[in-house]
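Quick notes on the structure that follows.
Note on naming: letters A, B, ... go to the chains in the order of the sequence lines (proteins, then strands), and numbering restarts at 1 for each one.
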Amino acid sequence: MVGGLRREHAGSTQALTGWVHRRRDLGGLLFVDLRDGSGLVQVSFGPDWTDAEALETAHRLGAEEVIRISGEVILRPEEARNPDLATGDIEVQARSLERLNRATTPAIPVYRGPEDELPAEELRLRHRHLDLRRTPLQENMALRHRLILATRNYFDDLGFLEVETPVLTKPTPEGARDYLVPSRVHPGEFYALPQSPQIYKQILMTAGFDRYMQIARCFRDEDLRADRQPEFTQIDVEAAFVGADDVLEWIEGLMETLARVAGVEAEPPFQRMSWAQAMDRYGSDRPDLRWALKLDDWTEVLRTADSNILRGAVAEGGRIRGIRLDGGASLSRRQVEAIEEEAKAAGAPGLLWAKRTADGGSGPLSRWLEEGHWGALEAREGDLLLVAAGPDRVTSPALAATRRAAIQALELPRVTDHAWLWVLDFPLFEEEDGVMFPNHHPFVLPHPDDADRLAEDPLSVRGVAYDLVYNGSELGSGSLRIHDPELQRGVLELLGMGPDEIDGKFGFLLEALASGAPPHGGIALGMDRIVKDFLGAASLRDVIAFPKTTAARALFEGAPSPVLQKELADLHLEVRRRSGRGAEEPQGNEPT
RNA sequence: GGGGCUGUAGCUCAGUUGGUUAGAGUGCCGGUCUGUCACACCGGAGGUCGCGGGUUCGAGUCCCGUCAGCCCCGCCA
């Protein structure tokens, strides 16, 4: 309201409410910047147009007090206009002033000067009501709202139905740790908060809701990161009688729509790449294609180099891959070693590197390179080669980190600011310590071309699965699902489950599949990440009204917290205190 | 679970090699001021140096532990 006043309102009388953002008291004359969700406007108080009583009150206003003023909008004197303010051509000359509520001095300032740093994150979270008053956060929340609204409208137009699914659900054994909710009525039994509505939406498919969507809250009890919160919001989508292309096209349309709302570029169709290609060319299943830089396979060229490291890696079935950086020889030894550190942090034992210089080469790798090698590697004077040798499992993450670090070190130019990508055909399973895990979840449809290898070589089987990647950030993940109960049972068996376990954990799903389940598939998109990435925000905390800390605490309201002994007893719970810590608070006392 | 960074006035920060009474800006309180927009000027109040222990004649500063926030690995799509 106040932020929308413009010169065409001059001459009108306005009644305005809002917060005292800032005050400039010149003695006889005083100015108040009045703020509400829409922005700022300058209100002027002076003896010639303000009631005496109102003027007196205005001199004593404090920051963040809530006021109502009424007065005339005037065009400011030419020399007193403020071009930095949207409402800077005008001001409101207050006739009357009513103080609607006082305000204690804010614990953290809402006003922020041009060179003021933000208060500590801890304080911003503890005093969230004040932090949220700031215009940037108001705008972030507003964009979030518009994106959710646009999502609902988009799917509504396509005939999708939003169906709510339970928040009190059944614990699932796979995937992340569940948040558990004890049952009062059933001693020793627990609900789980959903990690996603995955199984419910598949049951909705078998129930004949052939186009489903939901803005769904999901919960995962895992350690957090800047892009991970314990509770988060998904755009959950599922449809029956569809192929992967249908889902991809719907989502491309959605992203085009949402991007337009946010002022971001998204032009379908998005580039598509198999998981295998992504790993081969970029070492990552979510490559950031804002930069063109790729990995090269130099196994054939370098297997002849007289290096034990290289020969050994190849002899053990590994590959020699690397990155050639145009002009990379300009990096100092220290800078190259910093890149190597990144590769090591990503799990590589080390990085071999060589600079092509006027008098040959330098760097650990160069002593093994002969003239023919340089040529075959297309290395010209001034180039830098960064090489990793070994199994892809090790070198891919290392080279992905190398690529990121090199891009940063050389400040390579972007080829686009908005890189959209579909990564397709993820492997169905991965193996860790001889145990098979589902790469995504156990309901992904095996690729029809690979399905006959399920029994003898399951690790080579791809799933009909797809990830949406934007600027190197995974925005969503989905797949076609298994609708044949026998195939589903077989996959669960491959994961090491016996018949009883399968029936106990997934019996209700198998029963539904057996009742005439249509072929179906879908996707889930991370709403919070979409807002964050569209805004270019540094943290998910800036797009969630009440986020948790990295230790999963809510600082504003103080959750989690101990509960009364009686409440525990009602839930048939007993808390075992960690030993070895003195002076621990009792878990809770009976109310007196 | 592990690694790193940070913690000094309401807020943002400085604080030397361990040394006297811990500073600045801003905010707050009081005053002057009719065109400011980071208003200006004068004056003032404001400190559990996160917490606990240790070393030392002496600790904001060094050591150990601990708590909190942030970033990362593990974990997690």
For this session: Just jot down the ring pair (Phe, Tyr, Trp, His ring centres under 6.0 Å) partners of A:Trp19, sequence neighbours excluded, or say none.
Result: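 Applying ring pair (Phe, Tyr, Trp, His ring centres under 6.0 Å) to A:Trp19 gives none.
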
Exercise. Mind checking what makes ring pair (Phe, Tyr, Trp, His ring centres under 6.0 Å) contact with A:Phe155, not counting sequence neighbours?
Worked result: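 Applying ring pair (Phe, Tyr, Trp, His ring centres under 6.0 Å) to A:Phe155 gives A:Phe160.
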
Nucleotide forming a Watson-Crick or wobble pair with [N], both distances under 3.5 Å:
| N | value |
| --- | --- |
| B:rU26 | B:rG10 |
| B:rA38 | none |
| B:rC70 | B:rG4 |

Within the 4.0 Å heavy-atom criterion, would you say [X] contacts the bases, only the backbone, or no part of the nucleic acid?
| X | result |
| --- | --- |
| A:Gly27 | base |
| A:Asp227 | nothing |
| A:Asn439 | base |
| A:Leu85 | nothing |
| A:Glu91 | base |
| A:Ala226 | sugar-phosphate |
| A:Ala551 | sugar-phosphate |
| A:Leu30 | nothing |

Problem set entry | salt bridge (Lys or Arg N to Asp or Glu O under 4.0 Å) against A:Arg553, all qualifying residues, sequence neighbours excluded |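 Partners of A:Arg553 by the salt bridge (Lys or Arg N to Asp or Glu O under 4.0 Å) criterion come out as none, since no residue qualifies.
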
For this session: Can you sort out the partners of A:Glu115 under salt bridge (Lys or Arg N to Asp or Glu O under 4.0 Å), two or more places apart, ordered by chain and number?
Result: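 Here no residue qualifies.
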
For this session: For residues A:Tyr200 and A:Tyr212, establish whether the separation of their ring centroids is below 6.0 Å.
Result: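 No, the ring centres sit 6.0 Å or more apart.
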
Exercise. Where along residues 39-48 of chain A does a heavy atom fall under 4.0 Å from RNA chain B?
Worked result: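 Heavy-atom contacts with RNA chain B come from A:Gln42, A:Pro47.
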
Problem set entry | Contact list for RNA chain B against residues 532-548 of chain A - heavy-atom distance below 4.0 Å |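 Of all residues in residues 532-548 of chain A, the ones placing a heavy atom under 4.0 Å from RNA chain B are A:Arg541.
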
No-H, no-angle donor-acceptor pair, [X] side chain to [N] base, under 3.5 Å:
| X | N | result |
| --- | --- | --- |
| A:Glu122 | B:rG7 | no |
| A:Arg23 | B:rU36 | no |
| A:Arg220 | B:rC76 | no |
| A:Arg225 | B:rG74 | yes |

Which protein N or O atoms sit under 3.5 Å from an N or O of nucleotides 22-28 of chain B?
| from | atom 1 | to | atom 2 | distance (Å) |
| --- | --- | --- | --- | --- |
| B:rG27 | OP1 | A:Arg22 | NH2 | 3.3 |

Exercise. Can A:Asp33 and A:Arg24 be counted as an ion pair, charged N to O under 4.0 angstrom?
Worked result: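 So A:Asp33 pairs with A:Arg24 through a salt bridge.
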
For this session: Flag the pair A:Asp450 and A:Arg462 as a salt bridge only when some basic side-chain nitrogen lies within less than 4.0 angstrom of an acidic carboxylate oxygen.
Result: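 Here A:Asp450 pairs with A:Arg462 in a salt bridge, since their nearest N and O are under 4.0 Å apart.
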
Exercise. Of A:Gln234 and A:Pro119, whose nearest nucleotide on RNA chain B comes first from the 5' end?
Worked result: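 Closest to the 5' end, via its nearest nucleotide, is A:Pro119.
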
Whole angstroms only, please: what is the [atom1]-[atom2] distance between [X] and [N]?
| X | N | atom1 | atom2 | value |
| --- | --- | --- | --- | --- |
| A:Glu430 | B:rA77 | CD | C1' | 11 Å |
| A:Asp33 | B:rG35 | CG | P | 17 Å |
| A:Leu123 | B:rC13 | CG | C1' | 14 Å |
| A:Phe437 | B:rA77 | CZ | P | 11 Å |
| A:His59 | B:rU32 | NE2 | P | 10 Å |
| A:Leu118 | B:rC70 | CG | P | 14 Å |
| A:Lys344 | B:rG74 | NZ | C1' | 20 Å |
| A:Glu341 | B:rG3 | CD | P | 18 Å |

Taking the side chain of [X] as heavy atoms from C-beta outward, which of [options] is closest to it?
| X | options | value |
| --- | --- | --- |
| A:Pro109 | B:rU36, B:rC11, B:rC75 | B:rC11 |
| A:Ile108 | B:rC11, B:rC33, B:rC37 | B:rC11 |
| A:Thr550 | B:rU36, B:rC70, B:rC75 | B:rC70 |
| A:Leu29 | B:rC70, B:rC33, B:rG35 | B:rG35 |

Scan the side chains in residues 527-540 of chain A for donor-acceptor partners under 3.5 Å anywhere in the protein, sequence neighbours excluded, and list what turns up.
| from | atom 1 | to | atom 2 | distance (Å) |
| --- | --- | --- | --- | --- |
| A:Asp528 | OD1 | A:Arg144 | NH1 | 3.0 |
| A:Asp528 | OD1 | A:Arg144 | NH2 | 3.0 |
| A:Asp528 | OD2 | A:Thr233 | N | 2.7 |
| A:Arg529 | NE | A:Asp227 | O | 3.2 |
| A:Arg529 | NH1 | A:Glu474 | O | 3.1 |
| A:Arg529 | NH2 | A:Asp227 | O | 3.2 |
| A:Asp533 | OD2 | A:Ser473 | OG | 2.7 |
| A:Ser539 | OG | A:Arg541 | N | 2.9 |
| A:Ser539 | OG | A:Arg541 | NH2 | 3.4 |

Separation of the [atom1] atoms in [N] and [M], to the nearest angstrom:
| N | M | atom1 | value |
| --- | --- | --- | --- |
| B:rU6 | B:rU61 | P | 15 Å |
| B:rA22 | B:rG46 | C1' | 14 Å |
| B:rA9 | B:rG23 | C1' | 10 Å |
| B:rC28 | B:rG10 | C1' | 8 Å |
| B:rG27 | B:rC13 | C1' | 14 Å |

Exercise. Would one find a side-chain N or O of A:Arg24 under 4.0 angstrom from OP1 or OP2 of B:rC39?
Worked result: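 Yes.
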
Considering only distance and modelled atom types, tabulate donor-acceptor pairs under 3.5 Å from the side chains of residues 336-349 of chain A, sequence neighbours left out.
| from | atom 1 | to | atom 2 | distance (Å) |
| --- | --- | --- | --- | --- |
| A:Glu337 | OE2 | A:Arg333 | NE | 3.3 |
| A:Glu340 | OE2 | A:Leu351 | N | 3.1 |

Problem set entry | Test item: A:Gln229 and A:Ile544 side chains (from C-beta on) under 4.5 Å apart, heavy atoms |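 Side-chain contact under 4.5 Å: yes.
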
Exercise. Below 4.5 Å, heavy atoms only, C-beta onward: do A:Leu132 and A:Phe546 meet side chain to side chain?
Worked result: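 Of all side-chain heavy-atom pairs linking A:Phe546 with A:Leu132, at least one is under 4.5 Å.
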
Problem set entry | Residues forming a side chain to side chain contact (heavy atoms under 4.5 Å, CB included) with A:Pro47, sequence neighbours excluded |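 Result, side chain to side chain contact (heavy atoms under 4.5 Å, CB included) vs A:Pro47: A:Leu55.
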
Exercise. Do other residues, nucleotides or ligands put more than 12 heavy atoms under 6.0 Å from the CZ atom of A:Arg6?
Worked result: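 Yes, enclosed.
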
Exercise. Which residue pairs pass the ring pair (Phe, Tyr, Trp, His ring centres under 6.0 Å) test with at least one member in residues 103-124 of chain A, sequence neighbours excluded?
Worked result: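 Qualifying pairs, neighbours excluded: A:His21-A:Tyr111.
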
For this session: Can you run down the side-chain hydrogen bond (donor to acceptor under 3.5 Å, both in side chains) pairs that involve residues 54-67 of chain A, sequence neighbours left out, and say none if there aren't any?
Result: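 Counting only pairs at least two positions apart or across chains, the side-chain hydrogen bond (donor to acceptor under 3.5 Å, both in side chains) contacts touching residues 54-67 of chain A are A:Asp25-A:His59, A:Arg35-A:Glu64, A:Glu56-A:Arg60, A:Glu64-A:Arg133, A:Glu65-A:Arg99.
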
